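Reviewing the structure listed below.
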There are 2 protein chains.
Amino acid sequence: MPIDIKHQRQYTIANDGKAKYKSIANDGNNRKEEMTVTLKMIADTAGVSIRSVTRALKGETGGNPDTCRKIRELAKELGYVPNAAARNLRMRTSNVVGMISSQDTAQVISRRKMLIQRHLEREGYFPISALLPSSPALLRKILLSWTGLTESIIFSSWPRDWEPDEVLDGLLMNYIFIDNLESRRADKYKLINIDRESGIATAVGHLIDSGRKRIAYCGPEMSTRVNGFFRAFRERGIEPEADAIIDSSHLDLEHGYAAAPALIAGKFDAVFAGTDRLALGIYKYCNDKGVKIPETLAVTGFDNDDTSAYVSPPLSSIAHPEEKISRKVAELIKNIKLPPGESIFPTEFIKRESC
Amino acid sequence: MPIDIKHQRQYTIANDGKAKYKSIANDGNNRKEEMTVTLKMIADTAGVSIRSVTRALKGETGGNPDTCRKIRELAKELGYVPNAAARNLRMRTSNVVGMISSQDTAQVISRRKMLIQRHLEREGYFPISALLPSSPALLRKILLSWTGLTESIIFSSWPRDWEPDEVLDGLLMNYIFIDNLESRRADKYKLINIDRESGIATAVGHLIDSGRKRIAYCGPEMSTRVNGFFRAFRERGIEPEADAIIDSSHLDLEHGYAAAPALIAGKFDAVFAGTDRLALGIYKYCNDKGVKIPETLAVTGFDNDDTSAYVSPPLSSIAHPEEKISRKVAELIKNIKLPPGESIFPTEFIKRESC
DNA sequence: TTGAAAGCGGTACCAA
DNA sequence: TTGGTACCGCTTTCAA
């Protein structure tokens, strides 16, 4: 039976003496006093049960269309806003996904973060993020403050010397670690890792195959990147030059610039740079000294920064599997029951004119 | 009366037939089966009431010390983790603070974000952040997903053409807008704004007072920055040169480089650049052309990027009131009852060798 | 088609 | 010093 809501009394509670809810005061200026509008409040105002209100608001079938319409109007008029916390508590799930990341330094990190967030949004999740705090204890506190609010947490950065077992002990959430945890953790955690070696081996292989004779590696010596460099030679049954490794533990423009003289002095005719920023530092030096790229020196980078395609000559680089990572993240979050394990995605050589 | 917890039966529920909680299976490997440990569960296992459990866990006074200790041990053993969502729901407050920001482009933005987060953490809040979505409707959805989880929201970026009233209508949270909303909104919202004019007037005034005759402004023509530029002259009863405004709506290095020729051709002897990045673009051009800074051209920037103190010569700049902003944010969040209004903080000229 | 009611996990009041 | 219990706001089952 339809209900004429107009004839119902406006809701005014003062339970247990404390008027926690104020009545609606839709004054001349159409301003409403502060209040929390709940389902029960709508139900009481409309003179129906909560069941009818949820049915109307969720557009469930069954239920008198006229009543439903009126309830919807009333809800709108009262300014009903569902309380997500209450819903989460009752449902024991949440579509808020937490992400812990360190401050964005390299562009590729913040791009990955963006992409994951967009992917999750498209799937109906609400990504939130917090900065990685300075200590494991603080991280634990943060995660505690999220219990019941998030059910999945993505770590897009995890300090090498923190023990996940300790930090996460007893905190039952769905954890995903990106590019940070060793394979041996795969029996307990969900890992998404990046295979840097393959892309680098392809890139360096291309340098070899295109006839370059003296090929340098410029970047951190302690890095999986070096493995890719050596693999390219090994696969072809040859060896790199003895002085091929030009160590640069820092990966920024100025360090590339600083490393460049060694390349020129060593008469190298090609270089793999550990990041595009290193490569662009080398570019600048070559530019200053009139060294021609790629004629005299072929250059290839790593990370595939946005700008790399726009420099002159366009810089060859190696792209991270960002799309795949983001998709995998979304999958692991949607199918929360998937067991621990490791997914490794290859990097990809992007050839441009610099080599 | 103390209780010997050891003699209590382990908790095993199967209410309404569905075994929602599994019993503790502390097997030989000390691995526990997945479960949600609640206060009630601890209370039942210990054979006490919930009241006693909370007293023990919160360290309230009163209560048998021995019982309390045992309850605490039991809670630890069971791996009790409080559910923040339930707490928030009951308490009708939360110490999670939301922050909406666009992707960090300028360094100053991400620095401000960091600083605010650190300040809030120190005050016992848990800042989370989400990216500003592409549409007002999506933003509303995000905020809806946060109802009951956060009670304060900081907008560290707000698109000029979005109407806050529409997006936030009916969503009762404590909103704080940083550097983005016009003063006229101050009757309804809490605004923290940055007075760019004062710092710029000081900087340009310094250029004038140090004897520079032809002073240029390089940056967006439609900007409060221009006002500061003109103010410096007005305060001294003089006028800038007719061709002083060199419009550059973009604020990055390459645009500074592109704008520099006009400075040199116009024989300017000083320039205020709208950002440090613009200034560094000008630096590069001057470097390339052998123009001496500050002898031939005095340069001063805006934003006080980290690197500006390290370039040569060190770049004078204008610092944002980041500390004050962060403190004000924390204050507005702690004292949620403070009325709407606007706080304006001045920028500060930092003199270095470039002028 | 609708209403009543039992939770989700904590908090805090009141009575014993 | 302790136990019982009524909430917070929403979902969902069951019965009417």
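Hydrogens, waters and symmetry mates play no part in the numbers below; they use all other heavy atoms, side chains included. No experiment lies behind these values; they were computed from the predicted model shown. Per chain, numbering begins at 1; letters A, B, ... match sequence-line order.
Non-hydrogen atoms lying under 4.0 Å from DNA chain D are contributed by nothing in residues 138-145 of chain B.
Atom CG of B/Leu57 and atom P of C/dG10 are 10 Å apart (whole Å). The distance between atom CE of A/Met91 and atom P of D/dT13, rounded to the nearest whole Å, is 10 Å. Atom CG of B/Leu149 is separated from atom P of D/dC10 by 13 Å (rounded to the nearest Å). The distance between atom CD1 of A/Ile50 and atom P of C/dG3, rounded to the nearest whole Å, is 11 Å. The CD atom of B/Glu60 sits 12 Å away from the C1' atom of D/dT2 (whole-angstrom rounding). Rounded to whole Å, atom P of D/dT1 lies 13 Å from atom CD1 of B/Ile71. In this structure, A/Arg51 places its CZ atom 9 Å from P of D/dT12, rounding to the nearest Å. Straight-line distance from the NZ atom of A/Lys40 to the P atom of C/dG3: 13 Å, rounded to whole Å.
With sequence neighbours left out, A/Ser152 forms a side chain to side chain donor-acceptor pair (under 3.5 Å) with A/Asn174. For B/Phe177, the ring pair (Phe, Tyr, Trp, His ring centres under 6.0 Å) test picks out B/Phe155, B/Trp158, B/Tyr189, with sequence neighbours left out.
Across C/dT2, D/dT2, C/dT11, the shortest atom-to-atom separation from the side chain of B/Arg90 is found for C/dT11. Taking the side chain of B/Thr38 as heavy atoms from C-beta on, and the options D/dT12, C/dG10, C/dT11, the nearest nucleotide is C/dG10. With D/dC10, C/dG3, D/dT1 as the candidates, the nucleotide lying closest to the side chain of A/Val48 is C/dG3. Listed nucleotides: C/dT11, D/dC10, C/dT2. Nearest to the side chain of A/Ser49: C/dT2.
Counting heavy atoms from C-beta outward, A/Thr67 and A/Ser52 have side chains that stay 4.5 Å or more apart.
The nearest heavy atom of DNA chain D to B/Ser52 and to A/Ala84 marks one nucleotide each, and the one closer to the 5' end goes with B/Ser52. Both B/Pro65 and A/Leu39 lie close to DNA chain D; mapped to their nearest nucleotides by heavy-atom distance, the more 5′-ward contact belongs to B/Pro65.
Residue pairs meeting the salt bridge (charged side-chain N to carboxylate O under 4.0 Å, His left out) criterion with at least one member in residues 164-175 of chain A, sequence neighbours excluded: A/Asp165-A/Lys188. Legend: salt bridge (charged side-chain N to carboxylate O under 4.0 Å, His left out) pairs involving residues 115-135 of chain B, not counting sequence neighbours, sorted by first then second residue: B/Arg118-B/Glu121, B/Glu123-B/Lys334. For the salt bridge (charged side-chain N to carboxylate O under 4.0 Å, His left out) condition, no pair includes a residue of residues 139-156 of chain A, sequence neighbours left out.
Heavy atoms of B/Val81 sit under 4.0 angstrom from primed sugar atoms or phosphate atoms, though from no base atom.
Between D/dT11 and A/Arg87, a contact under 4.0 Å exists linking OP1 or OP2 to a side-chain N or O. Between B/Arg55 and D/dT2 there is a side-chain N or O to OP1 or OP2 distance below 4.0 Å.
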Could you walk me through whether A/Thr150 and A/Met173 pass the side chain to side chain contact (heavy atoms under 4.5 Å, CB included) test, one step at a time?
-> CA-CA 8 Å; A/Thr150 58; A/Met173 304 195 196; 3.9 Å; yes
